[in-house]
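Numbering of ligands and ligand atoms starts at 1, following listing order. If you read the sequence from its start, that first residue is 1, and numbering goes on from there. Computed over heavy atoms, backbone and side chain alike; hydrogens, waters and symmetry mates excluded.
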Amino acid sequence: MITIKNLLSLEGSPEELNLASDENIEIDGSGLIALPALIDPHVHFRIPGNSEKEDWRCASQAAIFGGVTTVFDMPNNNPPIVDSSSLLKKKEEINRQLDEVDIPLRYHLYLGADKDHFSEIRKCSSLVCGLKIYMGSSTGTLLIDDDQSLDTCFREAAKADLLVAVHAEDECCMRNNLSHYKNESSPAIHSKIRSPEVAQKATEKAISLAAKYKARLIILHMSTAKEVELVRMAKARGLSVYAETSPHHLFLNTKAYDKWGCKVQVNPPIRETRDQEALWKGIKEGVIDTIGTDHAPHTLAEKEQQYGCAPSGIPGIEFLLPLLLNAYNQEKLSLRDIIKLCRKKIELIYRIPSNNDWILVDINKEQNLEDHQLKTKCSWSPYGDMNLKGWPVYTICNGRIFNVERKTKDLVAL
Ligand code: NCD
Ligand code: ZN
């Protein structure tokens, strides 16, 4: 049994926890608040194919240190995960790596939509948390860029009652923009090539197909005011349309290019402050349902290349909770909002059973986290210079308790 006493109660959080465990551990929780552990429904842990960027040995530690005990991993691997055999092979390798580091991280996998594998949608529906459709190209080769294939994906997913999760950027619209900016080399151009209209067009298309087939749909990493309005209208029509946003869209904007260059190049791109404001409003009003980090690590060497060569993606799983707790301290959202966005709504939308994982946080602890302290294999982040208030101290995952204060180099289970 793990017993934690004397906890601070805020917004109805418990004063004491008694959790089933093989070990007998008692902790004095004075000064700490217990919150349900977070789910990150959008990560790229890079297995198979790109272990130079990330692997599950490092990423599972990054997750636990970040107060995340469940992740949903994306299929844009090498080879891409488009059928049951690649899915099962991936699972075996993940389990091997998690065993090696002895971290009981919970995970679910996405199936990637692919034009040559439509029949796998139904076959794999009970093995995955959703069907990921790349409507625009990003890292990897997965892409559904014609209307007929997209229609088939929605039809098959609806038949299998499988959640459709879209990367909503319209490939054609993006290519058209690209031709206008061919000779520009500033990273900031990324936000113009992948303009708000690129996202809007794809989101409109996805919502109309969700309506046509009564499919359940989530718009991933939503970044613009326009999309918030589209999802608001879809919900008002009674459609099962949901929305995710990401920490970099909430906490970074186009000003970040000056400092970070291609390091903050991500798809969909960082936006203007008015879009950020619309996202916060969307959270407050329940139009945005979830936050996923889109933890998409690339090596420093890759990200230090010039615009056009550098790949898109930002790592974020270690900063999700501190960024949100810091926002709580700034009165931008409540602890209940955090639990809703990063746990409760995800369980409902993805239909996964609840667990008894918890985090104990010190809401007043202030620090910044430098690159050398990070657990992600890529060892960098664009949040290292932010002094954030509110950090996890313990993470309880699957009956095990980990001290996550970063006092030691490795993750220690008590
Ligand atoms: C992701 C990656 O690198 O896997 N990159 C990104 O910019 N978000 C791919 C993706 O989800 O688009
Ligand atoms: Zn992603």
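Ring centroid separation for the pair Trp280 and Phe251 comes in under the 6.0 Å cut-off. Residues Trp56 and Tyr107 place their aromatic rings such that the two centres sit under 6.0 Å apart. Aromatic rings of Phe154 and Tyr213 (six-membered ring for Trp) have centroids beyond the 6.0 Å cut-off, not under it. Between His190 and Tyr307, the ring centre distance stays below 6.0 Å.
Of the candidates Arg46, His221, His167, the one placing a heavy atom closest to atom 4 (O) of ligand 1 is Arg46. When Leu220, Asp294, Thr139, Ile314 are ranked by how near their heavy atoms come to atom 8 (N) of ligand 1, first place goes to Asp294.
Figure legend: Lys132 and Tyr134 shown as a cation-pi pair, the cationic atom lying under 6.0 angstrom from the six-membered ring centre and within 45 degrees of its axis.
No other N/O/S atom of Asp294 lies as close to the Zn ion (ligand 2) as OD1 does. The Zn ion (ligand 2) sits nearest to atom NE2 when only the N, O or S atoms of His42 are considered.
At a cut-off of 2.8 Å, His44 is counted among the residues with an N, O or S atom near the Zn ion (ligand 2).
Scanning all protein heavy atoms for the shortest distance to atom 12 (O) of ligand 1 gives Ser138 OG, 2.5 Å. The nearest protein atom to atom 7 (O) of ligand 1, hydrogens excluded, is given as Asn267 N, 2.9 Å; this is a heavy-atom distance. The protein non-hydrogen atom at the shortest distance from atom 5 (N) of ligand 1 is Ser312 O, 3.1 Å.
Polar contact check, Gln265 against ligand 1: no nitrogen or oxygen pair lies under 3.5 Å apart.
Under the 4.0 Å criterion applied to side-chain N and carboxylate O atoms, Arg175 and Glu171 are assigned as salt-bridge partners. With respect to the salt-bridge test (charged N to carboxylate O, under 4.0 angstrom), the residues Glu92 and Arg96 do not qualify.
Annotation for ligand 1: atoms under 4.0 Å from non-hydrogen atoms of Asn76 are 2 (C), 4 (O), 9 (C). The distance from ligand 1 to the heavy atoms of Ala296 drops below 4.0 Å at these ligand atoms: 1 (C), 2 (C), 3 (O), 5 (N). The distance from ligand 1 to the heavy atoms of His298 drops below 4.0 Å at these ligand atoms: 3 (O).
Residue Met74 places every heavy atom at 4.0 Å or more from ligand 1.
For the side-chain hydrogen bond (donor to acceptor under 3.5 Å, both in side chains) test with Glu54, the passing option among His295, His44, Arg46 is His295; the others fail.
Side-chain atoms of Arg343 come within 3.5 Å of backbone N or O of Ala37 as a donor-acceptor pair.
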